[in-house]
*Asks:* 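Quick one: structure below, then a few questions.
Along the sequence shown, residues are numbered consecutively beginning with 1. The figures that follow rest on heavy atoms only: side chains count, while hydrogens, waters and symmetry mates do not. Only a predicted model underlies this, so the values are computations on that prediction, with no experimental measurement involved.
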Amino acid sequence: MNSVADPRRYFEAVSAERSSTAQTPPVCLYLEVTNRCNLLCETCPRTFETLEPPADMSWELFTRIVDQVPNVARVVLHGVGEPMLVKNLPQMIRYLKDRGTYVLFNTNGTLLQPKKFQELIDTGLDELRVSLDAADRATYAKVRGKDFFNRIVRDVGKFIAYQKEIGVAGPRVSLWLTGLKETVEQLPDFVRLAAKMGVTEVHLQRLVFDEQGYGLASAGNSLFEATRADEQAAIEMAQAIGAEIGVTLDASGATEPGLSLKRGAEDQPWATCRRPWSLMYFTAHGRALPCCIAPFSVRGYENYTLGDATQQDLREIWNGPAYQQFRDSLLSDAPPAPCQNCGLRWSL
């Protein structure tokens, strides 16, 4: 079995020796099983531009990629779309679980209907991350572009209740909130809402934005490096409430939310990133990108495409000229465009 439950642990498998050539195969794959979505989130680039033509990853492309990394420890089945729109999603999960891979995906929760509960459980999925982004209906509609708040709260709650009823622990369900100036003060209520739904794990997600900053994804709405006292107080209150009612509050890429929102002291914080030596990200069309943050941090996939899984073997891409040049740049004082603000405007 290759299960890796802690998202920080799989990076530890990567050698500390970093150069233009990766010494080991990737231990994690991000597979964008679709770039379609049924929401119009104000923090997502696909709401405002066509990144690639709408598509679901074909079964042939999915298996072609996965079969080339037979010992992959962890696979994340999402990108810029909503995974539960994909008809073959349960089959994809089972295909990975049959080889002992740890599997998870983020969902907006709009399609988590009771008729799908057992099918999802039967896949063996390890984690189900629900991006809710608000503690009330009005704020949700502003951030997400459509009003599905009550439905998501109801159906996620029903899913947790169903798991308890049949006595299963998996998949592990967590609730996610993107840290915006509009939403961070809702964090205490968000923790309370999670408890009412039966969810015991809440994560504060960093806002990633580019120079233009479409919609709410702009520097003015970012908390990173500019957290006010009242915003920090909201985080601390949410943590205290969670401790009382049995809900853990964490942050993506850090041990606790306050740390995630602080700038590092390094002169070149991006240079500590291990993603180009540990993971590969593929879009629904098979385009290899540096990581899941790249689509949110700079415009134009053509500017940082590292390969094409429909035309090249993964081994050819992984240590090909584009990847080697990318790694060299990341370790220099002139990092690639998608990486220039990692550790500065948002944390690693």
*Asks:* Using side-chain heavy atoms (C-beta onward) and a distance below 4.5 Å, is R144 in contact with L132?
*Replies:*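 A side-chain contact under 4.5 Å is absent here.
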*Asks:* Would you call E201 and R172 a salt bridge, taking side-chain N to carboxylate O under 4.0 Å as the test?
*Replies:*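 The answer is yes: the pair qualifies as a salt bridge.
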*Asks:* Hey, is the main chain of P338 close enough, under 3.5 Å, to the side chain of W270 for a donor-acceptor pair?
*Replies:*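 No.
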*Asks:* For N35 and A55, indicate whether the former's side chain and the latter's backbone hold a donor-acceptor pair under 3.5 Å.
*Replies:*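 Yes, because the side chain of N35 sits within donor-acceptor range (under 3.5 Å) of the backbone of A55.
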*Asks:* Tell me, please, which residues at least two apart from D189 pass side-chain hydrogen bond (donor to acceptor under 3.5 Å, both in side chains).
*Replies:*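 Listed in chain order: R192.
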*Asks:* Would a 4.5 Å heavy-atom cut-off, applied to side chains only, mark L249 and L187 as touching?
*Replies:* yes
*Asks:* Measure from the side-chain N and O atoms of E32 to the backbone N and O of F282, and report whether any donor-acceptor pair falls under 3.5 Å.
*Replies:*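 Checking the backbone N and O of F282 against the side chain of E32, no donor-acceptor pair under 3.5 Å is found.
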*Asks:* Does G307 offer a backbone N or O that forms a donor-acceptor pair with the side chain of T305 under 3.5 Å?
*Replies:* no
*Asks:* For residues 286-297, which residue pairs qualify under salt bridge (charged side-chain N to carboxylate O under 4.0 Å, His left out), counting only residues two or more places apart or in two chains?
*Replies:* E52-R287
*Asks:* Ignoring hydrogens and geometry beyond distance, is a side-chain donor-acceptor pair present between D133 and T178 at under 3.5 Å?
*Replies:* yes
*Asks:* Kindly determine whether D56 and L85 satisfy side chain to side chain contact (heavy atoms under 4.5 Å, CB included), including the steps that lead there.
*Replies:* CA-CA 9 Å; D56 295 348; L85 287 169; 5.7 Å; no
*Asks:* Can you give the donor-acceptor pairs under 3.5 Å from side chains of residues 157-169 to other protein atoms, not counting sequence neighbours?
*Replies:*
residue	atom	partner	partner atom	Å
Y162	OH	Q118	OE1	2.5
Q163	NE2	G170	O	3.1
Q163	NE2	P171	O	3.0

*Asks:* Considering all heavy atoms of both residues, which atom of A22 and which atom of W277 are nearest to each other, and what is their separation?
*Replies:*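 That closest heavy-atom pairing would be CA-CD1, 4.1 Å.
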*Asks:* Can you measure from CG (L204) to CD (Q239) and round to the nearest 0.5 angstrom?
*Replies:* 9.5 Å
*Asks:* Report yes if the side chains of V27 and V72 come closer than 4.5 Å at any heavy-atom pair, otherwise no.
*Replies:* no
*Asks:* Testing the basics here: between M84 and K116, what is the closest heavy-atom pair and its distance to 0.1 Å?
*Replies:* O-NZ, 4.0 Å
*Asks:* Is the side chain of E119 donor-acceptor paired with the backbone N or O of K115 at a distance under 3.5 Å, no angle test?
*Replies:* no
*Asks:* Are R99 and V66 close enough that some pair of their side-chain heavy atoms sits under 4.5 Å apart?
*Replies:* yes
*Asks:* Dump the intermediate steps for side chain to side chain contact (heavy atoms under 4.5 Å, CB included) on V76 and L31, then the final yes or no.
*Replies:* CA-CA 6 Å; V76 181; L31 303 182; over 6 Å; no
*Asks:* Can you name the side-chain contact (heavy atoms from CB on, under 4.5 Å) partners of K146, sequence neighbours left out?
*Replies:* L39, L40, F148
*Asks:* Side-chain donor-acceptor pair under 3.5 Å between T107 and E82, yes or no?
*Replies:*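 Short answer, yes.
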*Asks:* Starting at OH of Y304, measure out to SG of C339 and round the result to the nearest 0.5 Å.
*Replies:*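 If I round to the nearest 0.5 Å, the distance is 10.5 Å.
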*Asks:* As an exercise, state the distance from CZ of R129 to CD of Q205, rounded to the nearest 0.5 Å.
*Replies:*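 Reported to 0.5 Å precision, the distance equals 8.5 Å.
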*Asks:* I'd like to know if the side chain of W176 pairs up with that of S174 as donor and acceptor (distance under 3.5 Å, no hydrogens or angles considered).
*Replies:* yes
*Asks:* Give me each pair satisfying side-chain hydrogen bond (donor to acceptor under 3.5 Å, both in side chains) with a member in residues 310-319, each pair once, sequence neighbours excluded.
*Replies:*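 Found D308-T310, N319-R327.
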*Asks:* Under 4.5 Å between any side-chain heavy atoms of P25 and N71, yes or no?
*Replies:*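 Counting from C-beta outward, P25 and N71 never come under 4.5 Å.
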*Asks:* Apply side chain to side chain contact (heavy atoms under 4.5 Å, CB included) to residues H203 and L175 and explain how you reach the verdict.
*Replies:* CA-CA 6 Å; H203 290 263; L175 215 58; over 6 Å; no
*Asks:* Might you point out which heavy atoms bring Y301 and P295 nearest each other, and give the distance in Å?
*Replies:* OH-CB, 3.6 Å
*Asks:* Would you say H78's side chain and N106's backbone share a donor-acceptor pair under 3.5 angstrom?
*Replies:*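 Between the backbone of N106 and the side chain of H78 there is a qualifying donor-acceptor contact (under 3.5 Å).
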*Asks:* Rounded at 0.5 Å granularity, tell me how far OG in S278 sits from CZ in R74.
*Replies:*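 Reported to 0.5 Å precision, the distance equals 10.0 Å.
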*Asks:* Please check if the side chain of T101 supplies one atom and the backbone of K97 the other of a donor-acceptor pair under 3.5 Å.
*Replies:*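 Checked: no pair found.
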*Asks:* So, using side-chain hydrogen bond (donor to acceptor under 3.5 Å, both in side chains) as the criterion, who are the partners of R137 when residues are at least two apart?
*Replies:* D147
*Asks:* side-chain contact (heavy atoms from CB on, under 4.5 Å) with I245: which residues, sequence neighbours excluded?
*Replies:*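 Partners of I245 by the side-chain contact (heavy atoms from CB on, under 4.5 Å) criterion, ordered by chain and then number, come out as V191, A195, I241, V247.
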*Asks:* Which pair of heavy atoms, one from A271 and one from R18, lies closest together, and at what distance?
*Replies:*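 Shortest heavy-atom separation between A271 and R18 comes out as O-NH1, 2.7 Å.
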*Asks:* May I have the list of side-chain donor-acceptor pairs in residues 86-95 shorter than 3.5 Å, sequence neighbours left out?
*Replies:*
residue	atom	partner	partner atom	Å
Y95	OH	D67	OD1	2.7
Y95	OH	D67	OD2	3.2

*Asks:* Taking only residues two or more places apart in sequence or in another chain, which ones pass ring pair (Phe, Tyr, Trp, His ring centres under 6.0 Å) with F149?
*Replies:* Y140
*Asks:* With side chains defined as the heavy atoms from C-beta onward, is the minimum distance between F326 and P290 less than 4.5 Å?
*Replies:* yes
*Asks:* I'd like to check the side-chain contact (heavy atoms from CB on, under 4.5 Å) partners of T183; sequence neighbours left out, ordered by chain and number.
*Replies:* T139, V143, L177, L180
*Asks:* Please enumerate all residues that pass side-chain contact (heavy atoms from CB on, under 4.5 Å) together with C292, with sequence neighbours excluded.
*Replies:*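 C292 satisfies side-chain contact (heavy atoms from CB on, under 4.5 Å) with Y30, Y281 once adjacent residues are dropped.
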*Asks:* Side chains of M280 and Y323, heavy atoms from C-beta outward: is any pair under 4.5 Å?
*Replies:*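 Answer yes - side chains close enough.
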*Asks:* For the pair V184 and F190, evaluate side chain to side chain contact (heavy atoms under 4.5 Å, CB included) and give the outcome as yes or no after the intermediate values.
*Replies:* CA-CA 9 Å; V184 67; F190 194 75; over 6 Å; no
*Asks:* Atom CG in L112, atom CG in N108: separation rounded to 0.5 Å?
*Replies:* 10.0 Å
*Asks:* Rounded to the nearest 0.5 Å, what separation is found between the CG atom of N150 and the CD1 atom of I152?
*Replies:* 9.5 Å
*Asks:* Have a look at L77 and tell me which of V103, L125, T34, L29 forms a side chain to side chain contact (heavy atoms under 4.5 Å, CB included) with it.
*Replies:*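 Testing each of V103, L125, T34, L29 against L77, the sole residue satisfying side chain to side chain contact (heavy atoms under 4.5 Å, CB included) is V103.
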*Asks:* Please find the pair of heavy atoms, one from T63 and one from E60, that lie closest to each other, and give the distance.
*Replies:*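 Of all heavy-atom pairs spanning T63 and E60, the closest is OG1-O, 3.2 Å.
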*Asks:* What's the shortest heavy-atom distance between D328 and S20, and which atoms?
*Replies:* OD1-CB, 3.2 Å
*Asks:* Test of understanding: with salt bridge (charged side-chain N to carboxylate O under 4.0 Å, His left out), list the residues that count as partners of D155, not counting sequence neighbours.
*Replies:* none
*Asks:* Do L120 and L128 have side chains that get closer than 4.5 Å, going by heavy atoms?
*Replies:* yes
